Amino acid sequence: MKKPLIIALAAVLLALVTGGLFATTYTTATATIGVTAPTSDFATVTAENVTSLAPTVFGNFGGTWPSGDLFTVTPHDDYTGDLVIRVYLVNTGALARCYEHLNMAIQFTDNTSTVADEQQITQVLTLDNSEVLFTWANATGTSPYKVTLTGGGYRLHPWKSMSGGSVQPQLWMEIKQR
């Protein structure tokens, strides 16, 4: 009777020791991955001075957006891939409280003002469609590239009274490798 008890205790003790070693190894194991970052980004993005593109509007006022450059995109000289450019209207909640409608025509052009987007179209930012996407193949156009506001219109709510100015659209641009 003593022998089976000793064997059972030995088995439990062996399980505790080996299980503890396994758990200790599992929780303390490490791995190292080598990563080399490039010396520069694949493109540089610069926001343009757009004060002239932002009119001050008041209640029940409507008008059109003037044309002008919003962002400049300069791909790195050594970058040979394609790019995806997204432009977002980020403050649609605040704009919807003031504007009855708002639309902004946006293009992606090269330095000669030729459309450089693969689809070759003007896209529209609105309160309901707050994102436009452009795709650029490296072989298209010449640098630097521009994200340009080419027009559009707006009208404030007739019941909205704003003293001292209005809520202006805020744009965000994101560029990724394709």
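Keep in mind that what you see is a predicted model, and the values were worked out from it rather than measured. Position 1 is the first residue of the sequence, and the numbers go up from there.
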(request) Might you work through the side-chain hydrogen bond (donor to acceptor under 3.5 Å, both in side chains) test for Q119 and T135, ending with a clear yes or no? (result) CA-CA 8 Å; Q119 296 176 18; T135 53; 4.9 Å; no

Inter-residue atom distance [X].[atom1] - [Y].[atom2], 0.5 Å rounding:
X: N103; Y: T126; atom1: CG; atom2: OG1; result: 7.5 Å
X: Y99; Y: Q168; atom1: OH; atom2: CD; result: 5.0 Å
X: T64; Y: M104; atom1: OG1; atom2: CE; result: 11.5 Å
X: K176; Y: L83; atom1: NZ; atom2: CG; result: 12.5 Å
X: Q120; Y: T114; atom1: CD; atom2: OG1; result: 8.5 Å
X: W136; Y: F108; atom1: CH2; atom2: CZ; result: 7.0 Å

With heavy-atom distances below 4.5 Å as the criterion, would you say the side chains of [X] and [Y] are in contact?
X: Q107; Y: T122; answer: yes
X: V45; Y: M173; answer: yes
X: L125; Y: L171; answer: yes
X: L133; Y: I85; answer: no
X: P169; Y: Y154; answer: no

(request) Mind checking side chain to side chain contact (heavy atoms under 4.5 Å, CB included) for A47 and listing every partner two or more places apart, or none if nothing turns up? (result) F71

(message) Using the side chain to side chain contact (heavy atoms under 4.5 Å, CB included) criterion, which residues pair with P66? Sequence neighbours excluded.
(response)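 Checked P66 against side chain to side chain contact (heavy atoms under 4.5 Å, CB included); matches are L53.
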
Tell me the closest heavy-atom pair linking [X] and [Y], and the distance in Å.
X: Y145; Y: P75; result: CD1-CD, 3.8 Å
X: F134; Y: V87; result: CE1-CG2, 4.5 Å
X: R97; Y: H157; result: O-CD2, 3.4 Å

[X]: partners by side-chain hydrogen bond (donor to acceptor under 3.5 Å, both in side chains), with sequence neighbours left out:
X: N91; answer: none
X: E131; answer: R86
X: T148; answer: D69
X: Y79; answer: none

(request) Apply the test side chain to side chain contact (heavy atoms under 4.5 Å, CB included) to residues V73 and T44: give CA-CA distance (whole Å), side-chain angles for both, the deciding distance (0.1 Å), then the verdict. (result) CA-CA 6 Å; V73 177; T44 303; over 6 Å; no

(message) Side-chain heavy atoms under 4.5 Å apart, restricted to Ile/Leu/Val/Met/Phe/Trp/Tyr: what other residues fall into the cluster of V90, or is it alone?
(response) Y88, W172

(request) Quick one: name the residues clustered hydrophobically with V124, using the 4.5 Å side-chain heavy-atom rule over I, L, V, M, F, W, Y, and just say none if it's on its own. (result) none

(message) Closer than 3.5 angstrom, by distance alone: can the side chain of H76 be matched with the main-chain N or O of A43 as a donor-acceptor pair?
(response)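 It does not hold such a pair.
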
(message) Tell me which pairs pass salt bridge (charged side-chain N to carboxylate O under 4.0 Å, His left out) where either residue lies in residues 104-124, with sequence neighbours left out.
(response)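 Every salt bridge (charged side-chain N to carboxylate O under 4.0 Å, His left out) pair that includes a residue of residues 104-124, provided the two are not neighbours, is E118-R178.
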
(message) Taking L127 as the starting point, is it possible to reach V132 by hopping between hydrophobic residues whose side chains are less than 4.5 Å apart?
(response) yes

